[in-house]
S.K.: 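This is the structure, below, for whatever I ask next.
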Amino acid sequence: FERAVRTRPVLHLQYGPEAGWASRLAHAREVARVLGGGRVLAVSAVSAGALRVDLDGAGYEAASVWLAAGDEAPGTDDVRRGVDALLEGRSVDFSGAHPIARASWAEEAPVGAAKEAVTASPVEAEAESVRGRGARARGTGARGVPQPRNHRIAGWSLFGAGVASLGTSVGLHVWRGNLGDRFFDAPASLRAAEDWNDARIGVWTTAAFGGASTSAAMPLLLPGYSRPPWWSWMLGGFGLGLTGYAIYEGATMESCPEPFIADEARVRSCVSRGQEAGRVALAVAGAAPLLTVPLVYLLRPLRAEPSLSVTREGAVFRVGGVF
């Protein structure tokens, strides 16, 4: 500790390539003890373009994050994501094209390897960590990196509203079928024809909102992986199946003959067509979020990421990145 501590130009800890960089958290806790601090954030320049931040403190899980820095300080959004991850006890590497789950400072050095960690330079230890854990993160069994808490809250809100809307659309579709039966029993009734015809608006509107809302929730909910996981392709396959069904129904759908009032055969044909149209709307709405899942993982390497900021004055939802 006495060899590492520096007081000019500001209080900091400095290690040479052969120094005990692995003891930085213990040294930082010593500084905190002297100054009366209860929590420690150790910020290390692990390479020319990356910073590492380790959290240690009462009431918080041990966690570490990696941020891209370049020649300047990390971006505000990257810092915000990193702090969110630290406070939630998640260890994430944000320095690459997409987040990767990593081990925290408390987990990365086994007891048997403590001596090697002490004599290794920060950059060498970091490179080895990237090679080892990055390979495991790319495996099919690796845990994904959860989205920040505010993203998950917004995502689950959108997803819940979308599922409720889709359920309402299914109920309205069944109800419209019952109205079609009444219309068939009284084909000359203008009131029955009007009730049955107007019911389609509710089916289509709730289906469209449900599909859009659940699709918008996917980027906010899906955990981060270095490449699309196998189950994303499976869900996308189900989405393609529903899309194919909707295309088939739409292509084979018979037109509704006009006029159809007071003609039982034409009424039956129109009611049947109306139910087919409802099934098409539901199939498209159900396919939308399923197709969104693989698209999210294909587009994430472009660094197109959503951010949600809420203040007393209002809320801002933004999608930004490099395209």
S.K.: When you look at CZ of Arg6, are more than 12 heavy atoms from neighbouring residues, nucleotides or ligands closer to it than 6.0 Å?
M.R.: yes
S.K.: Can any side-chain N or O of Ser157 pair as donor or acceptor with the backbone N or O of Ile153 at less than 3.5 Å?
M.R.: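 Confirmed, Ser157 side chain pairs with Ile153 backbone.
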S.K.: If we only count heavy atoms from C-beta on, is the Val203 to Ser169 side-chain gap below 4.5 Å?
M.R.: yes
S.K.: For the residue pair Tyr245 and Ala283, what are the closest heavy atoms and their distance?
M.R.: CD2-CB, 3.8 Å
S.K.: Does Arg81 come within less than 4.0 Å of Asp77, counting only side-chain N to carboxylate O?
M.R.: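 Salt bridge absent between Arg81 and Asp77.
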S.K.: For residues Ile201 and Leu190: do they belong to one hydrophobic cluster (side chain heavy atoms under 4.5 Å, members Ile, Leu, Val, Met, Phe, Trp, Tyr)?
M.R.: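 No, Ile201 does not connect to Leu190 through the hydrophobic network.
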S.K.: Output the distance between atom CG (Asp56) and atom CG (Leu86), rounded to the nearest 0.5 Å.
M.R.: 11.5 Å
S.K.: Which heavy-atom pair separates Trp196 from Gly274 by the least distance, and what is that distance?
M.R.: CZ2-CA, 4.2 Å
S.K.: So how far is it from Asp84 CG to His151 NE2, rounded to the nearest 0.5 Å?
M.R.: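 So the gap between those two atoms works out to 8.0 Å.
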S.K.: Let me check something: do Val293 and Met234 share a hydrophobic cluster, defined by ILVMFWY side-chain heavy atoms less than 4.5 Å apart, either directly or through other members?
M.R.: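 Val293 clusters together with Met234.
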S.K.: About how many Å separate CG of Leu242 and CG of Leu290, when rounded to the nearest 0.5 Å?
M.R.: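 Reported to 0.5 Å precision, the distance equals 6.5 Å.
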S.K.: Decide if atom CZ of Arg279 counts as having more than 12 heavy atoms of other residues, nucleotides or ligands within a radius under 6.0 Å.
M.R.: yes
S.K.: Quick one: pull up OG in Ser95 and CD1 in Ile100 and give me the separation to the nearest 0.5 Å.
M.R.: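 One finds 7.5 Å between OG of Ser95 and CD1 of Ile100.
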S.K.: Please report the shortest heavy-atom distance between Pro289 and Gly211, naming the atom on each side.
M.R.: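 For Pro289 versus Gly211, the nearest heavy atoms are CD-O, 4.2 Å.
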S.K.: Trp175, Leu282: one ILVMFWY side-chain cluster at the under-4.5 Å cut-off?
M.R.: no
S.K.: Tell me, please, which residues at least two apart from Asp54 pass side-chain hydrogen bond (donor to acceptor under 3.5 Å, both in side chains).
M.R.: Arg24, Arg52, Ser64
S.K.: Do you know the tightest heavy-atom contact between Ser213 and Gly162?
M.R.: OG-N, 3.5 Å
S.K.: Give every donor-acceptor pair under 3.5 Å between a side-chain atom in residues 31-44 and any protein atom, sequence neighbours left out.
M.R.:
unit_1: Arg33; atom_1: NE; unit_2: Glu30; atom_2: OE1; d: 3.4
unit_1: Arg33; atom_1: NH2; unit_2: Glu30; atom_2: OE2; d: 2.7

S.K.: Quick one: CD on Gln147 to CG on Leu222, what's the gap to the nearest 0.5 Å?
M.R.: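 Answer rounded to 0.5 Å: 7.5 Å.
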S.K.: Any idea which heavy atoms bring Val92 and Pro99 closest together, and the distance?
M.R.: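 Looking at all heavy atoms of both residues, the closest pair is CG1-CB, 3.7 Å.
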S.K.: Is there a side chain to side chain contact (heavy atoms under 4.5 Å, CB included) between Thr243 and Ile247? Walk through the geometry before answering.
M.R.: CA-CA 6 Å; Thr243 303; Ile247 294 174; 4.0 Å; yes
S.K.: Look at atom CH2 of Trp231 and say whether more than 12 heavy atoms of other residues, nucleotides or ligands are closer to it than 6.0 Å.
M.R.: yes
S.K.: Determine whether a donor-acceptor pair (N or O, by modelled atom type, separation under 3.5 Å) exists between the side chain of Glu249 and the backbone of Ala277.
M.R.: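 Pair absent, no side-chain N/O of Glu249 close to backbone of Ala277.
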S.K.: Return the set of residues passing ring-ring contact (aromatic ring centres under 6.0 Å, His included) with Phe209 (not counting sequence neighbours), or none when no residue passes.
M.R.: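 Phe209 satisfies ring-ring contact (aromatic ring centres under 6.0 Å, His included) with no residue once adjacent residues are dropped.
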S.K.: Checking the side chain of Ser272 only, and the main-chain atoms of Arg268 only, is there a donor and an acceptor separated by less than 3.5 Å?
M.R.: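 Not a single qualifying donor-acceptor pair exists.
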S.K.: Does Arg29 have more than 12 heavy atoms from other residues, nucleotides or ligands lying within 6.0 Å of its CZ?
M.R.: yes
S.K.: With the 4.5 Å side-chain cut-off for hydrophobic clustering, are Leu158 and Leu291 part of the same group?
M.R.: no
S.K.: Rounded to the nearest 0.5 Å, what separates atom CZ in Arg90 from atom CD in Glu61?
M.R.: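 Result: 11.0 Å between the selected atoms.
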S.K.: Over all heavy atoms of both residues, which pair between Leu51 and Ala45 is shortest? Give the atoms and the distance, please.
M.R.: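 Looks like CD2-CA, 3.8 Å.
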S.K.: Are Val163 and Val170 connected into the same hydrophobic cluster when the rule is that any two of I, L, V, M, F, W, Y join if their side-chain heavy atoms are below 4.5 Å apart?
M.R.: no
